[in-house]
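What you are looking at is a predicted structure, and each value in this text was computed from that prediction instead of being measured. Only this structure's heavy atoms are used, side chains among them; waters, hydrogens and symmetry mates stay out. In what follows, every chain begins at residue 1, and chains take the letters A, B, ... in the order their sequences are listed.
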Number of protein chains: 2
Amino acid sequence: MSTEKIKNMEEFAAKCGVSRPTVSKYFNDPNSVRAKTRRRIEEALERFDYRPNIYAVNQNRRLTKNIGIVVPYLADPFFAEIARFLETRCIEAGFSPSLFSSHGKQELENEILNTLRSMKPAGVLLAPLGRASDRKVVEQFCRDVPTVLFDSNIEGIGDVFVGSDNPQFTSMMVQYLCRTGEPPCFFEMKTPPNPNAGKRRQGYLDAMEKQGHEPYIFQAQGEGWALEEIGLREGIRLLDSGEMQSSTILCSNDRLAIGFLAACFQNGLRVGISQDCDIRVAGLDGHPFSSFTCPPLTTVSHDYQAISERSAESLFNMIEDGNRPTSREEKLFDGKLIMRTSA
Amino acid sequence: MSTEKIKNMEEFAAKCGVSRPTVSKYFNDPNSVRAKTRRRIEEALERFDYRPNIYAVNQNRRLTKNIGIVVPYLADPFFAEIARFLETRCIEAGFSPSLFSSHGKQELENEILNTLRSMKPAGVLLAPLGRASDRKVVEQFCRDVPTVLFDSNIEGIGDVFVGSDNPQFTSMMVQYLCRTGEPPCFFEMKTPPNPNAGKRRQGYLDAMEKQGHEPYIFQAQGEGWALEEIGLREGIRLLDSGEMQSSTILCSNDRLAIGFLAACFQNGLRVGISQDCDIRVAGLDGHPFSSFTCPPLTTVSHDYQAISERSAESLFNMIEDGNRPTSREEKLFDGKLIMRTSA
DNA sequence: ATATACTTTTTACGCGCGCTAAGTTTTGAC
DNA sequence: GTCAAAACTTAGCGCGCGTAAAAAGTATAT
């Protein structure tokens with residue numbers, strides 16, 4: 001490896017013994033040049049560490065090879081996990097992913113979308129804030145940029161939506177809980193930051209009605225994404241209030257459930273399905289840590305792999321075709337019931 | 001807001017009624033133009049949504065306003081949390097942060113550093129893989145780009161290192177555990193992916209010796225970042241082996257501890273400090289979820305805020321000064337003992 | 001050998017902006 | 001009203017590359 005600095009493609013082309021446009025062509029698609037030419041370039045590539053200037057490249061290309069990945073809250077392991085999958089898929093497919101987190105704030109989401117727009121990305125994988133999103137901004141963005149929405153659906157926006165069938169999650173869990181014990185009450189936030197809470201509540205109400213049981217919903221106070229803390233604090237409040245109608249509780253998501261488990265522990269309640277336990281607690285999401293709670297959390301898990309794969313594939317297809325789908329596609333994946341010992 | 005599309009700075013300058021260089025000057029520093037001129041530009045900015053083409057801008061500036069943030073594993077809530085802090089600080093200071101995760105892989109870390117180099121960043125905040133890092137690559141990178149290392153120190157590399165005093169963590173915890181009960185044994189990974197494990201082991205050995213106790217270390221088998229799972233599986237193996245010399249165990253980090261708690265639960269062991277408990281479990285890190293385990297985890301917490309603040313400030317100072325510090329600076333923050341009920 | 005279809009080279013322009021130098025206007029202090 | 005300083009305008013180069021068109025070269029088939 002020579003230490004000689006190569007300034008630009010012109011110089012590098014000289015080292016290869018080919019012309020600059022040919023080198024340019026090579027970088028756009030190594031297969032588009034003759035095998036012999038390719039070898040010469042690749043040999044030079046090993047002797048000198050030259051990289052095309054990304055800014056010059058992107059300025060001149062109509063569309064870049066960038067892909068934006070936007071999640072509402074990256075410190076949530078659920079999104080961290082999905083982002084990890086997506087990033088890897090993008091790299092494998094030869095794109096340059098850029099990762100953004102809205103940190104739960106509308107202004108930041110808007111700002112990210114604006115930044116993204118000026119990046120001329122080939123496409124964007126967007127998990128919007130949901131209710132907290134600025135609908136008009138997101139809508140306009142999706143018109144301008146090929147976008148796959150995931151996790152959180154905003155009706156009519158984006159070319160494709162890929163996510164989980166949230167009512168199915170709740171319905172399956174309610175059914176399971178009813179068959180194995182007392183019908184559950186429902187623990188959720190009054191003003192949830194995460195997008196799918198509304199659908200889950202409705203799913204609970206519908207499922208309970210279908211099973212012929214009276215629903216009971218407890219709404220936790222609190223704002224923001226500190227879900228475990230809210231689950232703990234409000235869980236204690238709920239337990240102390242004596243309002244609980246049932247010894248089975250379904251939490252709107254695993255993070256609330258983790259908090260609620262802590263509340264139970266603090267109140268000396270034994271959680272689980274065995275005879276000597278006082279209460280059953282279930283969650284929803286298949287949170288990466290849900291198998292390590294005490295007791296391990298019974299939950300309905302997203303099909304992470306499928307959601308990431310499908311989102312990425314959909315976007316890649318759109319990019320390759322060059323045209324957006326005529327009608328909006330929606331793909332919902334079922335969740336998988338994971339029976340552990342908490343419920 | 002007019003819908004008229006503005007193609008470039010030339011056009012936008014015309015709308016403002018000022019010349020292009022003046023607009024350019026404004027975007028580089030709004031205070032560098034006369035107040036009246038600034039008003040005219042900002043009014044136009046409200047009527048038309050123009051943004052300078054970031055690729056053209058970055059191509060022509062010697063240094064961009066980009067800051068790279070690199071962490072070894074973003075799906076680890078510890079790094080997610082720090083990354084969130086850092087990102088916010090960069091934006092506040094007028095920079096454009098780009099977030100990268102090495103996903104625990106050396107090749108990816110190298111690739112990220114290469115990408116970063118070609119981004120001509122003003123500076124980089126780097127939490128390296130540590131032992132798994134390619135020392136030469138990181139070293140060369142730090143010579144080329146102003147870099148603040150954080151969390152994981154690589155001796156002699158980078159202009160500044162900001163992190164926690166890991167031996168102090170272990171030492172403090174060992175002291176606490178010895179004063180309140182049986183001296184702890186130590187639970188760690190044989191080949192830990194996280195960088196500071198070595199220092200913690202040494203800290204344990206030193207502290208035990210200082211206290212006049214015989215150390216006992218159990219090394220968990222397993223590779224990668226699935227620390228909870230390893231803690232659970234190997235925890236069970238340890239408990240079943242009957243090798244445990246003490247009823248107090250200190251885990252090398254909170255994620256292992258979370259797994260170990262699950263192992264205890266599964267084995268019917270009651271964890272905690274009260275009389276009716278069988279075992280005390282402590283962790284290290286102040287993991288965001290450590291307060292929601294059952295029982296809540298006694299741990300030594302990083303000073304997240306201080307580490308992020310200091311890292312960011314150090315980098316900003318280097319960037320503003322324009323010159324790198326003559327000698328390498330190291331700043332270690334003490335951890336805070338957080339007494340909960342697990343130990 | 002000749003025709004045909006690819007590849008590659010040459011030449012040249014354009015992208016949008018940073019930056020500089022020279023000339024012009026505006027500002028504010030006296 | 002004068003005058004120097006500050007802010008502006010005009011003009012123009014350069015950054016590193018994509019890309020298009022035309023010319024030249026090269027592989028494959030007849």
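The CZ atom of B:R39 sits 16 Å away from the P atom of D:dA7 (whole-angstrom rounding). Look at OH on A:Y55: it is 14 Å from P on C:dG18, rounded to the nearest Å. Taking atom CZ of A:R61 as the reference point, atom C1' of C:dG16 lies 17 Å away to the nearest angstrom. For B:I41 and D:dA7, the CD1 to C1' distance is 12 Å, given to the nearest whole Å. Atom pair A:Y26:OH and D:dC17:P shows a separation of 15 Å (rounding to whole Å applied). For the pair B:K120 NZ and D:dC17 P, the computed distance is 10 Å after rounding to whole Å. One atom, CD of B:E10, and another, P of C:dG14, lie 15 Å apart when rounded to the nearest Å. The nearest whole Å value for the distance from the NZ atom in B:K25 to the P atom in C:dC19 is 12 Å.
The six-membered or imidazole ring of A:Y304 lies near that of A:F78, with a centre-to-centre distance under 6.0 Å.
Annotation: side chain to side chain contact (heavy atoms under 4.5 Å, CB included) contacts of A:T37 (sequence neighbours excluded): A:V18, A:T22, A:V33, A:R34, A:I41. Checked against salt bridge (charged side-chain N to carboxylate O under 4.0 Å, His left out), A:R143 has no partners two or more places apart in sequence or in another chain. In this structure, the side chain to side chain contact (heavy atoms under 4.5 Å, CB included) partners of A:P193, at least two apart in sequence or on a different chain, are A:M189, A:W225, A:L227. Contacts of A:D76 classified as salt bridge (charged side-chain N to carboxylate O under 4.0 Å, His left out), with partners at least two apart in sequence or in another chain: A:R255. Annotation: salt bridge (charged side-chain N to carboxylate O under 4.0 Å, His left out) contacts of B:R328 (sequence neighbours excluded): B:E330. By the side chain to side chain contact (heavy atoms under 4.5 Å, CB included) test, B:N317 pairs with no residue at all, sequence neighbours left out. Applying the side chain to side chain contact (heavy atoms under 4.5 Å, CB included) rule to B:A122 yields the partners B:F95, B:I319; only residues at least two apart in sequence or on another chain are considered. With sequence neighbours excluded, no residue forms a salt bridge (charged side-chain N to carboxylate O under 4.0 Å, His left out) with B:E11.
Each end of the helix from C:dA1-D:dT30 to C:dC30-D:dG1 gets its own axis from five base pairs, and the two axes differ in direction by 0°, given to 10 degrees.
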What nitrogen or oxygen pairs link the protein and nucleotides 9-16 of chain D at under 3.5 Å?
residue, atom, partner, partner atom, Å
D:dT9, OP1, B:S19, N, 3.1
D:dT9, OP2, B:S19, N, 2.9
D:dT9, OP2, B:S19, OG, 2.5
D:dT9, OP2, B:T22, OG1, 2.4
D:dG12, O6, B:R20, NH2, 3.1
D:dG14, N2, B:N60, OD1, 3.0
D:dC15, O2, B:N60, OD1, 2.5
D:dG16, O4', B:Q59, NE2, 2.9
D:dG16, N2, A:N60, OD1, 3.4
D:dG16, N2, A:N60, ND2, 2.6
D:dG16, N3, B:Q59, NE2, 3.3

Pairs under 3.5 Å (N/O, protein and nucleotides 23-30 of chain C):
residue, atom, partner, partner atom, Å
C:dT27, OP1, B:K36, NZ, 3.2

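Side-chain contact annotation: A:N8 with A:R20, donor-acceptor N/O pair under 3.5 Å absent.
Legend: salt bridge (charged side-chain N to carboxylate O under 4.0 Å, His left out) pairs involving residues 96-116 of chain B, not counting sequence neighbours, sorted by first then second residue: A:R51-B:E111.
Residue whose closest nucleotide on DNA chain C sits further toward the 5' end, between A:A35 and B:N28: A:A35.
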